[in-house]
Amino acid sequence: RRRRDRVPDEMEGRQMTTAHDFSFTAIDGKALPLSQFKGHPVLVVNVASKCGLTPQYEGLVSLYHDLKDKGLVVLGVPSNQFMGQEPGTNDEIASFCSTTFGVDFPLTEKTDVKGDTAHPFYKWMKQELGEPADPLWNFHKLLVGKDGQPIMAFGPRTEPTAPEIRQAVEAAL
């Protein structure tokens with residue numbers, strides 16, 4: 001079957017100029033075009049359920065709840081590319097995130113975020129921001145502005161509640 005997280009055929013070859021040109025598949029299987037977040041900064045985070053950094057979900061939920069009314073969107077992108085730390089099905093991942101951490105921000109289906117099989121959004125972010133945008137591990141964070149332009153990348157060990165993330169997000173609001 002054709003992977004749904006790939007750029008649709010009609011977009012192949014088209015120059016992608018903003019994050020709003022990309023689409024993921026939501027964890028429930030529905031389309032998740034980033035264009036629906038126009039006018040909102042988006043913090044895109046590749047996540048995993050069985051990682052030492054998994055408790056960062058708490059900080060992501062906290063940041064999201066603090067700033068969602070001002071327009072922040074947090075988008076979790078489950079990925080199994082780092083030592084198989086996201087082995088579950090999409091249903092298992094959704095249930096774990098909801099029941100363990102109260103995640104109520106959008107999640108994509110399990111997606112590759114690195115290398116040749118990376119989702120086109122991740123390839124584009126690396127092209128735009130360089131090496132800092134290439135996920136080194138789970139919980140790598142990419143901030144996209146209201147206009148869909150890349151703003152900044154934060155490494156996996158930078159907590160979602162860290163002052164540098166909070167300041168960058170608030171400046172993007």
Side-chain angles (χ1 to χ4, degrees), residues 1-7 19 22-34 37 41-68 72-126 129-144 150-166 168-169:
R1 99 181 158 91
R2 185 173 158 231
R3 290 199 39 129
R4 291 180 296 177
D5 61 347
R6 296 282 175 236
V7 178
F22 297 94
S23 185
F24 285 88
T25 300
I27 201 153
D28 64 4
K30 296 180 178 147
L32 184 65
L34 295 186
F37 304 130
V42 182
L43 187 65
V44 181
V45 186
N46 61 293
V47 295
S49 301
K50 307 229 181 274
C51 176
L53 301 177
T54 301
Q56 285 193 23
Y57 270 123
E58 291 175 15
L60 290 171
V61 168
S62 174
L63 182 69
Y64 177 62
H65 284 199
D66 284 354
L67 298 174
K68 69 179 179 179
L72 175 66
V73 174
V74 173
L75 178 61
V77 182
S79 181
N80 196 40
Q81 284 190 286
F82 302 99
M83 292 185 64
Q85 294 183 345
E86 189 58 277
T89 65
N90 289 326
D91 287 344
E92 290 167 341
I93 295 165
S95 176
F96 170 82
C97 291
S98 171
T99 58
T100 308
F101 293 103
V103 170
D104 56 353
F105 51 76
L107 294 167
T108 72
E109 68 179 1
K110 204 168 3 177
T111 302
D112 284 354
V113 299
K114 188 170 181 62
D116 292 343
T117 59
H119 185 283
F121 167 81
Y122 277 90
K123 290 180 179 181
W124 176 77
M125 286 294 288
K126 184 179 177 188
L129 291 178
E131 287 301 315
D134 194 22
L136 299 172
W137 198 251
N138 303 308
F139 292 89
H140 194 93
K141 299 151 197 81
L142 301 171
L143 181 60
V144 175
I151 295 177
M152 192 175 291
F154 301 93
R157 295 208 175 272
T158 305
E159 292 283 337
T161 54
E164 58 266 38
I165 290 183
R166 181 81 183 212
V169 168

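Starting from 1, each residue takes its place in the sequence as its number.
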Residues two or more places apart in sequence or in another chain: which of them pass ring-ring contact (aromatic ring centres under 6.0 Å, His included) with F154?
none

So, do L75 and L43 sit near enough that their side-chain heavy atoms are less than 4.5 Å apart?
no

Which residues pass the side-chain hydrogen bond (donor to acceptor under 3.5 Å, both in side chains) test with S49, not counting sequence neighbours?
E86

Test your reading of the model: is there a side-chain donor-acceptor pair from S62 to the backbone of E58, 3.5 Å cut-off?
no

Report the residues that fulfil side-chain hydrogen bond (donor to acceptor under 3.5 Å, both in side chains) with Q85, sequence neighbours left out, ordered by chain and then residue number.
N138

Here the gap from T117 atom OG1 to K123 atom NZ, rounded to the nearest 0.5 Å, amounts to 7.5 Å

Answer yes or no: is there a donor N or O on one side and an acceptor on the other, between the side chain of S79 and the main chain of T111, under 3.5 Å?
yes

Out of curiosity, R166 CZ to L63 CG, how far, rounded to the nearest 0.5 Å?
6.0 Å

Any side-chain heavy-atom pair of L32 and T108 under 4.5 Å
yes

Under 4.5 Å between any side-chain heavy atoms of W137 and N46, yes or no?
no

Can a donor-acceptor pair be found, under 3.5 Å and without considering hydrogens, that links the side chain of E109 to the backbone of N90?
no

Considering all heavy atoms of both residues, which atom of K50 and which atom of T54 are nearest to each other, and what is their separation?
N-OG1, 3.7 Å

Just so I know, are the side chains of R157 and F139 near enough to count as touching, which here means a heavy-atom distance under 4.5 Å?
no

Just by modelled atom types, is the G88 backbone N or O under 3.5 Å from a matching donor or acceptor in the K110 side chain?
yes

Rounded distance (nearest 0.5 Å) linking atom CG of D91 with atom CG of D28
9.5 Å

Aromatic ring pairing F22/F121, orientation class (parallel under 30°, perpendicular over 60°, tilted between)
perpendicular

Would you check, one step at a time, whether the test side chain to side chain donor-acceptor pair (under 3.5 Å) holds for D104 with H65?
CA-CA 9 Å; D104 56 353; H65 284 199; 2.9 Å; yes

Hey, are the side chains of P160 and Y57 touching, using non-hydrogen atoms and a 4.5 Å cut-off?
no

Is there a side-chain contact between F82 and P135, using heavy atoms and a 4.5 Å cut-off?
yes

Spell out, as yes or no, whether a donor-acceptor pair under 3.5 Å connects the side chain of K141 to the backbone of T158.
yes

Distance check, rounded to the nearest 0.5 Å: Y64 atom OH versus L72 atom CG?
8.0 Å

Within the 4.5 Å heavy-atom criterion, are S98 and V103 side-chain neighbours or not?
no

Measure the spacing between CG of L143 and CE of M125 and express it to the nearest 0.5 Å.
8.0 Å

Are side-chain heavy atoms of V113 and V77 found at a separation under 4.5 Å?
yes

Could you grab the distance from atom CG of L142 to atom CH2 of W124, nearest 0.5 Å is fine?
10.0 Å

